[in-house]
Amino acid sequence: MSVEVRNIHKRFGPVHANNAISLHFEDGRIYGILGENGAGKSTLMKILSGFYLADSGQILVDGRAVSVASPEGAIRAGIGMLQQDPLDVGPFTVLENFIYGQPGAVRPDWDGARAQFVDLAGRLGFTISPNTLIEDLSIAQRQQLEIIRLLAFGVRLLILDEPTTGISAEQKTILFEALKRLAREDGLTVLFVSHKLEDVLELCDEVAVLRLGRLVGQAHLPVTTNALVAMMFGQELAPASRSDVVLGDSMLEVRELSLTSERVTIQGCNLSVRAGEVIGLAGLDGSGQELLTRAIVGLRRPAAGQVCVGGQDLTGKHYREYLAARVCFGAAGRLEEGLVSGLTLTEHFALVDPEQGAWIDWERARRIASEQIAHYNIYGRPESPIETLSGGNQQRVLMALMAAAPRLLVLEHPTRGLDVESSRWIWEQILARRAEGTAVVFTSADLDEIVTYSDRILVFYAGQISEVPDARRTTVDELGHLIGGQRLTKESVA
Amino acid sequence: MTRRSLVILVLLVAMLVTASGSFAQGGEEFVFGMILVGPHNDHGWSEAHYTAGQYVEEMIPGARMVYLESLNAADRPETTLEQVVEDMVSLEGAKLILTTSDEFEEDTLAVAAKYPDVTFINVSGDDALTGDAPSNLGNVMGAMEWGKEIAGCAAALATETGSIGYLGPLINAETRRLASSVYLGARYCYENYRGMDPADLTFTVTWIGFWFNIPGVTLDPTEQSNLFFDQGADVVISGIDTTEAVVVAGERAARGQAVWAIPYDYAGACAEAPEVCLGVPYFNWGPSYVQIVQSVMDGTWEQGWAWTAPYWEDLTDNSKTPVGWVNGEALSPEQAAQLDEFIAMLAESGTGDITADNIDDEGLSLGLWVGPLNLQDGTPLAAEGEIVPPRSVWYLEQLLEGMTGDSSAQ
Amino acid sequence: MTRESIPARRLIGIGVAVGSIAVALLLTALLIVAVNASPRDVFDKIWEGVGLAGGRLDMPRFSGVINFWIPLMLVCTGLLVTFTAGLWNIGVEGQMVMGAIFATWVAQEVSLPSVLLVPLEMAAAALGGALWGLLAGVLKTRGGVHEIFGGVALNNLANIFGIYLISGPWGNQGGQATPPFREEALLLPASSEFRVSLVALVMVGVAFVVVVMALRGTHWGLELKALGKSARSALLLGVPTQRNALLAMAICGLLAGIAGSIRVLFTYGNLRPLVSGGIGFLGVLVVLLTGTRALWAPIVAFFFAAIMVGSTRLNIALQLDQSLAGVVQGILVLVFILANGISARLRARRQAPAAEAASIPPKEAAHG
């Protein structure tokens with residue numbers, strides 16, 4: 001099935017999100033849709049998959065104009081989109097979820113559905129059991145379920161919006177293999193929306209690049225990364241450089257810390273972080289990194305051991321006492337943990353402003369918001385509700401909200417979902433604080449990021465923590481093996 | 001949001017448009033108001049009053065009833081008795097208002113003072129007896145004690161396990177004396193017709209906390225009825241306004257259990273499960289209300305307090321008896337005969353209505369309320385052969401010795 | 001900045017509003033016809049019951065509406081606080097009952113002149129309600145009991161406690177209510193025409209203004225708002241979430257307690273079972289409908305009060321089943337909520353997917 005979009009326009013108020021976009025997609029091919037946050041790629045995909053209506057323009061399937069006025073209509077036309085946040089329902093099993101929404105499902109054919117499901121999953125190499133509860137699935141498994149579901153609906157053009165965000169390297173490999181097989185063997189068309197160039201280079205046959213709502217370039221792969229970056233941003237970018245910083249006093253002391261969750265246990269963790277040091281925590285999702293990041297900001301009570309910040313024993317104290325000790329925390333989910341969806345930028349700044357009295361001085365709050373917006377180069381207005389900002393801008397706001405000159409800055413996936421430019425900018429900010437004597441601890445699924453910015457690297461594997469001997473000389477490849485469970489020489493436990 | 005404002009605006013406009021003040025009132029009619037504590041079709045207390053009101057309309061040409069049902073804090077938090085009375089008097093032209101619950105006693109007292117030209121009857125209250133009432137407020141109550149004694153007897157005739165459950169509402173003097181009347185009837189018949197030792201009769205009272213089920217607040221009468229049966233009772237007698245006991249017994253009988261029930265208040269209550277119903281003691285307010293309405297219409301009404309006795313000639317003659325009893329289908333012919341004998345005995349001891357004027361007279365009888373009787377804690381109530389004075393029955397302070405259950409809220 | 005143009009939004013809003021009113025009226029009329037009554041009569045009688053028949057204000061009857069509105073509005077005001085903080089204070093009924101019980105205790109036990117006694121009663125009621133609200137809050141924050149379940153349990157407890165007091169230690173022979181309070185213990189109506197307690201009326205006004213100003217203007221109000229929208233994020237931004245949740249529950253309980261005291265000190269003049277009468281639940285409904293648009297609460301509350309008071313007239317004059325008013329109310333609420341949903345969907349289809357549009361940054365892309 002070939003799909004064509006012709007001269008698509010979509011405006012949101014003053015913003016021209018899609019401006020005269022025309023593209024042609026052939027069957028059996030995988031297309032990368034590139035562009036920085038806000039370039040219009042998600043809008044285009046949502047138009048294709050029926051979540052938005054285009055203001056003008058046409059969608060043609062096999063040369064025939066079709067109307068995709070709703071997601072259901074799109075699926076009837078053979079177009080299905082995998083959401084960034086899979087829309088499945090919690091307390092049901094995978095199989096129930098799979099059947100849910102299938103046509104003619106007044107009395108579901110359980111055995112048939114199960115067979116179909118197992119068959120599809122097996123062929124795609126997905127490790128997902130039909131009897132698992134949805135809430136027990138990982139993000140990657142939810143994606144797998146969603147893909148199987150869409151395929152069962154007869155979708156011939158599959159759209160994936162940032163599918164590699166938040167899944168492990170292994171799962172990514174499985175996903176890519178499955179997509180390639182679907183394209184090659186079944187002639188499925190795949191649109192792969194991402195800002196991660198390496199993923200696009202690895203997977204796709206062709207790319208289309210959007211910028212500011214326009215189609216600015218198309219290319220058959222392979223091309224160089226730099227050429228793609230140039231298309232996306234109009235110029236090439238260098239990573240934020242890391243200068244050597246003189247290490248200061250110990251900012252964080254973790255002694256014999258034991259942490260337990262249902263999935264993973266950490267025992268006897270020792271860690272000392274000095275002012276100006278950047279510690280990268282590497283590992284597959286759920287290997288225990290988050291237990292540690294949360295324990296050192298007071299959000300998780302340790303089973304045993306001690307946490308000291310700046311010489312002050314804060315073990316078992318409330319998060320707010322850590323905050324008072326100038327520990328700043330940026331959690332992985334920005335809108336779940338950190339920013340308050342529904343509050344404006346001004347309200348956020350008023351909330352954290354220690355100078356505000358009992359009655360809020362809104363004048364002052366607006367002024368500070370404006371200043372911070374300018375200073376942090378945030379695209380948004382003081383009165384914008386925070387959730388209307390893009391991920392990159394939300395991350396900037398999060399940074400702007402943090403107290404000045406923290407002792408310890410703990411960040412989970414600080415650049416997840418951000419485009420190259422925003423990521424670079426965020427790291428400039430982090431490194432600037434580090435230069436002023438802040439100790440930094442961060443996690444990332446992006447091994448490049450860990451290798452690029454860390455002074456020391458801790459590798460987490462099923463709760464076991466080991467330190468990479470020479471962080472500055474390690475490579476992504478080596479790190480990749482380590483987080484997969486390959487043993488280090490057991491010389492040092494951090 | 002402008003939408004919501006609009007919604008309200010338009011609704012108000014719609015109400016304005018449809019509103020008009022036309023209101024007709026017949027010249028000859030006599031309007032009486034009836035205020036009910038529960039729904040008019042509760043198959044219990046309130047329905048008995050409602051049908052009596054209809055009976056009045058039938059019997060007295062020109063009499064028209066206006067009623068308000070379910071006046072209680074839960075169902076009508078926005079409405080007070082005073083508002084209802086005002087509505088009935090000023091908009092409907094009511095000259096007589098019947099407030100048919102002792103829940104309304106205090107409010108009726110206050111409102112009666114405000115509307116001296118309107119006659120008020122508070123059912124089951126005692127203000128006209130105590131002298132607290134203004135002269136336009138009277139009380140009436142059927143002497144249900146008789147009916148309850150019959151109910152107790154019927155239960156004793158039927159029980160095979162010797163265990164009877166009584167589903168009580170809340171605890172006050174009225175409910176204590178009615179529960180005790182049941183017990184007296186049961187004990188008498190257990191001994192005299194069944195030939196058993198009355199000490200072996202188990203008579204348990206459970207108070208659910210209110211006149212009808214309020215989920216979460218009262219005990220659930222359905223659950224309590226089941227509990228009675230589970231714990232060995234085979235007859236449950238209802239003292240509450242609604243029909244759960246007979247419904248539960250019906251369900252159990254359908255599963256093959258030998259159980260019975262006796263509902264309360266409303267002559268048609270057996271219809272819920274006739275096959276398990278031993279009979280029902282009921283209020284028949286019609287005759288009293290006809291008499292009251294007629295006397296108010298004629299201008300001959302005088303304040304009074306009346307505790308009206310059954311019409312012994314025929315307990316089912318609804319044109320005469322204020323308190324009735326109908327046999328249920330579950331009563332065997334033999335039991336029915338024994339019950340008739342018992343009723344005849346009661347009829348002989350009956351001494352007619354008790355009023356404010358004669359309540360303290362010697363020799364007034366409420367049937368089995370004859371000594372030796374002790375209160376639950378052993379305090380003597382009446383010596384051998386001594387008739388308990390009706391005033392002491394009306395204000396009964398405890399249950400009687402031999403009954404299981406609380407005499408006051410714990 | 002990324003919203004659609006105002007006229008378009010208005011248009012949708014107006015369309016949905018007109019549609020939903022039409023549907024609500026139609027359904028109501030059909031229902032009335034179905035029970036063999038005339039819709040015109042029904043509206044007539046409601047209107048009359050509210051005291052607005054014949055183009056002139058029947059003040060005593062209209063007072064009935066106000067008198068129901070006063071406790072309802074106090075409850076709504078309290079619920080605005082908990083609603084802002086994201087708490088479902090279903091326990092507001094029990095908080096009213098506790099307020100009524102505390103006020104009754106003072107009314108029965110304390111002998112003072114009216115000017116001192118009434119404030120003392122209301123203060124006691126505020127205390128009782130606040131404690132009961134706080135208890136639900138503590139159950140939530142310390143015990144992990146969701147405030148809905150805690151609230152339901154505490155409602156029942158309060159009711160059972162009230163009935164126990166009435167039928168036991170505080171009862172008179174009747175057992176249905178406590179004896180009437182003495183005159184000096186009561187809130188009195190302003191006049192025989194305007195039968196509304198001015199004290200209560202002023203209290204509602206003050207409470208509402210203070211609460212709305214606090215929610216909009218104070219740092220505490222902003223903290224509550226953050227807490228309500230995302231407790232986790234609020235915590236991470238340094239908001240003392242537990243303390244604020246408890247405080248919100250206590251304040252709501254305080255106002256509900258005062259509402260309960262008005263029920264006993266004014267409406268009934270004694271303590272009776274179920275004195276809260278579902279006013280708390282009605283308040284929850286009002287606040288749910290108005291959301292954070294606090295200024296609508298008094299109007300919607302008034303509307304509900306009018307329909308309920310007016311519907312008494314329905315039963316008396318037309319002998320319509322008493323549940324009809326509830327059904328009419330239900331239809332209205334349902335249609336409004338449906339309309340809300342529909343218009344939200346309509347807007348969502350048309351509105352910016354905020355993240356996309358907001359971040360098209362000419363400036364940013366140009367920069368380096």
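Labels below follow one simple rule: chain letters A, B, ... track the order of the sequence lines, proteins then strands, and each chain is numbered from 1.
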Under 3.5 Å side-chain donor-acceptor pair for B:R76 and C:S311: no

Region of B:L71 that comes under 4.5 Å of a non-hydrogen atom in chain C: neither

Leading residue by heavy atom contact count with chain B [cutoff under 4.5 Å; candidates C:T312, C:N159, C:L157]: C:T312

Interatomic spacing from CD1 in C:I163 to CZ in B:F210 - rounded to 0.5 Å: 6.5 Å

Between C:R272 and B:N72, a side-chain donor and acceptor under 3.5 Å: no

Side chain, backbone, both or neither of B:E86 within contact of chain C (heavy atoms, under 4.5 Å): both

Option that, when pairs with chain C are counted at under 4.5 Å, heavy atom only, ranks first among B:M34, B:E82, B:E78: B:E78

Contacting moiety of B:E103, where chain C heavy atoms sit under 4.5 Å: both

Verdict with supporting geometry, C:K45 and B:D87, salt bridge (charged side-chain N to carboxylate O under 4.0 Å, His left out): CA-CA 11 Å; C:K45 294 305 170 197; B:D87 197 317; over 6 Å; no

Contact class of B:F104 relative to chain C, heavy atoms under 4.5 angstrom: neither

Contact class of B:M65 relative to chain C, heavy atoms under 4.5 angstrom: backbone

Segment of C:I279 engaging chain B (4.5 angstrom heavy-atom cut-off): side chain

Top contributor to chain C interface from B:V66, B:T175, B:L109, B:D107 [non-hydrogen pairs under 4.5 Å]: B:D107

Validation row: B:Q83, C:P60 side chains within 4.5 angstrom (heavy atoms): no

Residue part contacting chain B, namely of C:N67, when any heavy atom lies under 4.5 Å: neither

Heavy-atom pair with the smallest gap, counting every atom of B:A73 and C:P273: CB-O, 3.6 Å

